[in-house]
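Chain A is the first sequence line, chain B the second, and so forth, proteins listed ahead of strands; every chain is numbered from 1. Below, each value reflects all heavy atoms present in this structure, side chains not excepted, and no hydrogens, waters or symmetry copies.
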Amino acid sequence: MTVPGAWFLTLAAILFVVGAVGLLVRRNVLVMFMCVELMLNAVNLTFVTFARMLDDIGGQVVVFFVLVVAAAEVVVGLGIIVAIFRRRAGATADDISLLRG
Amino acid sequence: MIAAVAQVQPGQPLQLPHVDWVTIGPAGIFFVGGLAMLLAGVFLRRRVPRGLWSGTTVVIAVLALWPAFHLWHQIASGGARTAIADAVVVDGFSIFIDVVIISAVVMAALLTDGYLRRENLEGTEFYVLMLFSASGGMLMASANDLIVVFLGLEILSIALYTLAGFQQRREGSQEAAIKYFVLGAFSSAFFLYGIALVYGSTGSTNLGVIADFLRTNSLTNGLLLGGFALLIVGLGFKVAAVPFHMWTPDVYQGSPTPATAFMAAVAKAAGFAALLRLFVSTFNTYRLDWQPIVWALAVLSLLVGSVLAVVQTDVKRMLAYSSIAHAGYVLVGFQTASNRGVAGALFYLFAYAFMIVGSFAVVTLVSGRGDTDASLDAFRGLSSRRPALAFVFTIFLLAQTGVPLTSGFLAKFYVISAAVEAHSYALAIIAMIAAVIAAFFYLRLIVVMYMAAPAAEGEEAAPTARIPIAVGAGMSLTIAVGFTLVVGFLPASVFDFARHATLLKL
């Protein structure tokens, strides 16, 4: 039995929404960061599914690019988070509210 | 790129695409120059005259003009073309955006020199990040494949997150960096999902193939439209269009001011470059579907940006909101989807780069060590302390208002006349109303600078501290004010440049 492609697409869409909602409702910066990764991987799943449905290898190649970019983003993001936590241990997104108006 | 992968046959040697390096010359020079500076900075730390790195950055940027001119003449004689397995496009449009980005880098690099000395920061990193970020922006402008657009966007953004947090010990800068990072990554995910949906519905990520596919097939499913919407969301974040603007005031206020100047000019130019190429050129056949969305974004950006700028008391925040309104004007040109609208949008981006870098250069100087005070009060009586500085800031503010004889007036004139020509009368009227609202806060700042009444009882006296103007900052301001005035008087050459900077017909 083969699982139809639409199921994968639906799963990816659900994962993407979970990531997006998670980013908006969670206050821990690290968890927000993980939610972004979830969104990117949901997109990867979409790409692979489309590549399979279209019988085109391009979509799978794209995933490699996304993985590399996501890794670079992790490096910079964790660097920024560490710089903040050095000054304010245990800070949540709500504590980072100096700039407003 | 995709084509190269498809050519692999079992037992056959890998067919690599021919790489025509000149076509990515400007971005390549920035990238290689940045790497060289990074290495040189490690080996020569503290043994070089001050100002060397700033000078090197300017030299690299000017060097990048050479392939740009070369390509411009090539296009003029041989027409626009694609290169490197169709992943990159060489047309007047990409060269124009390259020139905008190069100008912004030159001015920001000159400004940074004095800033780093004032803040006791050393090293090449600020310049290197600026060069990398700019190379990403140029890549976005010349991308002919959605994945290349994405890579350019990320190269641009990741370097910008770091620039925003460059003052790593200052809480404001940290906060700007984390906010920019979280929202930037969020928007990148949306953009990428948009690419996935467009890929799924058209079967390719190559813009030429997509355009061909859309011309011959009429899609009625929601997949493609969902892809459009997500692409607009992702790039809307980058160009700070309402309702995706929430990060802008905080990030602009918290970042080191030269970084703010740089990101305001370059991120906007690159983001609009990608928007214009994707929608006006590639998705042109579906313009009846995306034009209403862009119309709504333009109206919201114009009104929200202008109205919220009025209530700001911090000049950096005020300029941030005004940059949102400026994005609205560029969207007005974009919405027409006509050649004239694109030329107007390009002219706007060029003029805007000089105005905004100049404005933030003045704020850099006035806000003092540590970017402590950029409130309206810090500008009180600036004309008596630093008449020249107050004068150039006045010119930038008048240009942003759209007063005739400045580049800002013509920029607004070209986009609004393009909207009128495309029968978007309502949009043109809203744009003019927004300009009137915006005039209030620009003129208020001018009044504060020139007509500071003696402090009344209970009020703080106007600040009297001397404002040192670094040589580099002075040069940066001279370039910016020179361009703003010269183009204001003699716009023909720049407008011709913008008019000939057409998108490659796909």
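Within the model, atoms CZ of A/Phe47 and CG of B/Leu192 stand 5.0 Å from one another, a figure rounded to the nearest 0.5 Å. To the nearest 0.5 angstrom, B/Gln174 atom CD is 11.0 Å from A/Phe85 atom CZ. Taking CZ of A/Phe64 as the start and CD1 of B/Ile147 as the end, the distance is 13.0 Å to the nearest 0.5 Å. One distance of note links CG of B/Leu183 with CG of A/Leu23; it measures 7.5 Å at 0.5 Å rounding. A/Ile84 CD1 to B/Glu171 CD: the interatomic distance, rounded to the nearest 0.5 Å, is 9.0 Å.
Contacts of A/Leu45 with chain B are absent, with no heavy-atom separation under 4.5 Å from either backbone or side chain. Only the side chain of A/Phe16 comes within contact range of chain B, with heavy atoms under 4.5 Å apart. Of the atoms belonging to B/Leu223, it is side-chain heavy atoms, and not backbone ones, that fall under 4.5 Å from chain A.
Contacts with chain A were tallied for B/Gly172, B/Ala164, B/Ala189; B/Ala189 has the most, counting heavy-atom pairs under 4.5 Å. Here B/Tyr193 is the residue among B/Tyr193, B/Phe150, B/Tyr161 with the most heavy-atom pairs under 4.5 Å with chain A. Each of B/Leu146, B/Thr313, B/Ile195 has some count of heavy-atom pairs under 4.5 Å with chain A, and the biggest count is that of B/Ile195. In terms of heavy-atom pairs under 4.5 Å with chain A, the best-connected choice from B/Ser157, B/Ser188, B/Ala185, B/Gly165 is B/Ala185. By number of non-hydrogen pairs under 4.5 angstrom with chain B, the leading residue of A/Cys35, A/Ala51, A/Gly19 is A/Ala51.
Of all residues in residues 36-44 of chain A, those placing a non-hydrogen atom less than 4.5 angstrom from a non-hydrogen atom of chain B are A/Val36, A/Met39, A/Leu40, A/Val43. Contact annotation for residues 69-76 of chain A against chain B (heavy-atom separation below 4.5 Å, listed by residue number): A/Val69, A/Ala72, A/Glu73, A/Val76.
Using a 4.5 Å heavy-atom cutoff, the side chains of A/Thr46 and B/Tyr199 are not in contact.
Open room surrounds CZ on A/Arg86; 12 or fewer heavy atoms of other groups in view lie less than 6.0 Å from it. Residue-environment remark: CZ (B/Phe213) exceeds the threshold of 12 foreign heavy atoms within 6.0 Å. Heavy atoms from other residues, nucleotides or ligands lying under 6.0 Å from CZ of B/Phe166 number more than 12.
Nearest heavy-atom pair across B/Ala177 and A/Ile80 is CB-CG2, 3.9 Å.
Classified by interplanar angle (parallel below 30°, tilted 30° to 60°, perpendicular above 60°), the ring pair B/Phe181/A/Phe33 is tilted.
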